[in-house]
Amino acid sequence: MQDIEEIEKKLLSQVSTTNTPRDVLKSPDLKQLYGAIKSIADEQRSAYGKRINDLKLSLESSILKREADLDNAAVESIDVTAPWDINSVQVNLLPTNLGSQHPLTVEIENVADIFTRMGFEAIESRQIDDDYHMFGSLNFPENHPARDGYDTFRTEEGFIAPAHTSTMQNRILKAGKAKLESGGQIGVVALGRCFRNEDLDATHEHTFYQYEGVFMSNDANLGQMLGTLRSFFECYYGQSLKIKTQPAYFPFVEPGLEFAIEKPAALGGKPGEWLEMLGCGMIHPNVLLAAGIDPKKYRGFAWGGGIERLVMLKYGIEDIRHFESGKLQFLRKFA
Ligand code: DAH
């Protein structure tokens, strides 16, 4: 029993100094004490068992206390008004090892990286915009019902929180016009946050992310677009995929398509289970004219899709609302 006393002292002192007190329950010393039960003489076994049990209880209670102390200490060290301790003579930043990148940040970088390797330039989309970039430059006529498909948030001054990354098309085209006209191409992907005033459910969130691609040359065609998109999805999911398209209406493309992939078996898909991943098409002549580009000389294609949808399929996430929830339990799965 002398031994037990010593081991107890040692374990309790470990609990009071470590930042992961619960790990002490896995101590080999403790295992050894348990292991010894079988070899104790019959008449002493029950006393021994009780002693070990008491030790375990006292460990548990000091672990709980230590955990509470650590929690309190962590809370105390966070000053929400400044990233440093005002009493310290040294700059004392919050420990970064306690945090991790948000899964969407990681995946946005991943998407940007794939397109960059294909030769596209990746840029960030704007988070506040105007009616012209949201609708007018994209061939939505004034008062056209297609505008109602986008439940946009507006500021009192008339600015718009972009409901899609297509707001970047006119800017991308204008910025690339000179290059295009001197024999080059435009290849840009704009990634960023979008907002819609929607009823929320497992697949609809008011704040979400999209990636918008724009490609222009003097002979761009649908075949190139489908090849580009297929390569992207195959690279993102790391396997070959079946794809299909069906006609869809978007004012800024003609023809306009919805692009679907067959849900990969490795991600729980059954044959014939299609997932619509994005909208795409050949850029409408009016969109090119709005950017001062001659639609008789140059052609292009564009696409726009949701990042959350990509990521949800990749990781089997069942509810889009997890992303904006800030729940540590969710975020830690990606740490
Ligand atoms: N902006 C559309 C949306 O969010 C998606 C889209 C469709 C983008 C077709 C495109 C496109 O660039 O060509 O609903």
Side-chain angles (χ1 to χ4, degrees), residues 108 111 115 120-123 125-127 129-140 144-153 160-174 176 186-198 203-217 220-230 232-233 243-261 275-288 290-291 293 295 298-310 320:
I108 286 168
V111 171
F115 282 115
F120 286 84
E121 181 195 351
I123 61 170
S125 69
R126 288 175 60 117
Q127 294 191 35
D129 221 313
D130 55 27
D131 198 82
Y132 178 70
H133 290 93
M134 178 66 214
F135 294 119
S137 67
L138 289 166
N139 191 38
F140 286 83
H144 192 277
R147 292 186 179 217
D148 301 340
Y150 299 86
D151 301 311
T152 48
F153 291 110
I160 290 185
H164 55 183
T165 43
S166 305
T167 50
M168 297 301 291
Q169 285 199 16
N170 182 263
R171 298 185 174 95
I172 293 169
L173 293 172
K174 276 188 181 147
I186 301 175
V188 176
V189 47
L191 305 103
R193 205 182 248 171
C194 304
F195 311 87
R196 288 188 197 177
N197 185 12
E198 296 202 276
T203 54
H204 294 90
E205 182 47 290
H206 51 69
T207 302
F208 55 96
Y209 290 80
Q210 285 193 338
Y211 57 115
E212 184 90 14
V214 172
F215 180 81
M216 288 291 305
S217 69
N221 60 59
L222 267 188
Q224 289 177 333
M225 181 184 81
L226 296 180
T228 304
L229 292 174
R230 172 199 284 252
F232 164 70
F233 282 101
I243 61 168
K244 78 171 180 186
T245 57
Q246 62 179 36
Y249 172 71
F250 302 97
F252 34 97
V253 278
E254 181 57 40
L257 303 171
E258 263 164 19
F259 181 96
I261 61 171
L275 299 173
E276 194 225 301
M277 298 307 285
L278 50 78
C280 55
M282 299 302 294
I283 301 176
H284 195 287
N286 289 348
V287 173
L288 298 181
I293 292 177
Y298 305 102
R299 299 150 174 269
F301 54 81
W303 71 85
I307 306 254
E308 282 83 352
R309 184 170 297 203
L310 281 176
I320 193 172

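These numbers were taken from a predicted model, which means no experiment stands behind them. By convention here, the first residue in the shown sequence is residue 1. As the structure lists them, so they are numbered: ligands from 1, and atoms in each ligand from 1.
For a threshold of 3.5 Å applied to N or O pairs, the pair formed by Ala302 and ligand 1 contains at least one separation below that value.
Residue-level proximity to ligand 1 for Met225 is absent, since no heavy atom of it falls below 4.0 angstrom. Under 4.0 angstrom from ligand 1, there are no non-hydrogen atoms of Phe301. Contacts between Trp303 and ligand 1 below 4.0 angstrom, taking non-hydrogen atoms only, involve the backbone exclusively.
Of all atoms in ligand 1, listed by their number and element, those nearer than 4.0 Å to a heavy atom of Gln210 are 4 (O). Within ligand 1, counting atoms from 1 as listed, the ones closer than 4.0 Å to a heavy atom of Gln169 are 12 (O). Interface atoms of ligand 1 facing Val253, defined by a heavy-atom separation under 4.0 Å, are 13 (O). Interface of Phe250 with ligand 1, defined as ligand atoms under 4.0 Å from a residue heavy atom, comprises 7 (C), 9 (C). Taking a cut-off of under 4.0 Å to the non-hydrogen atoms of Arg196, the atoms of ligand 1 that pass are 3 (C), 4 (O), 14 (O). For ligand 1, the atoms sitting less than 4.0 Å from at least one non-hydrogen atom of Gly279 are 6 (C), 7 (C), 8 (C), 9 (C), 10 (C), 11 (C), numbered in the order shown with element in parentheses.
Pairing each heavy atom of Pro251 with each of Asn139, the nearest pair is O-ND2, 2.8 Å.
Interatomic distance, Arg309 CZ to Leu275 CG, rounded to the nearest 0.5 Å: 8.0 Å. Atoms OG1 and CE, on Thr245 and Met277 in that order, are 15.0 Å from each other to the nearest 0.5 Å.
Residue Gly281 places a heavy atom less than 4.0 Å from ligand 1. The shortest separation from a heavy atom of Met282 to ligand 1 is not under 4.0 Å, leaving the residue out of contact.
In this structure, the protein non-hydrogen atom closest to atom 5 (C) of ligand 1 is Gly304 O, 3.7 Å. From the protein, the heavy atom lying nearest to atom 14 (O) of ligand 1 is Tyr150 OH, 3.4 Å. If you check which protein heavy atom lies closest to atom 12 (O) of ligand 1, you get Glu212 OE2, 2.6 Å.
Residues Trp303 and Phe233 place their aromatic rings such that the two centres sit no closer than 6.0 Å. If you look at His164 and Tyr150, their ring centroids are closer than 6.0 Å. Remark: aromatic rings of Tyr211 and Phe232 are close, center separation under 6.0 Å. The aromatic ring centroids of Phe301 and Phe215 lie less than 6.0 Å from each other.
Residues meeting the salt bridge (charged side-chain N to carboxylate O under 4.0 Å, His left out) test with Arg171, sequence neighbours left out: Asp129.
Remark: the backbone N or O of Gly306 is not paired with any side-chain donor or acceptor of Gln210 at under 3.5 angstrom.
No side-chain N or O of Asp151 forms a donor-acceptor pair with one of Asn197 less than 3.5 Å apart.
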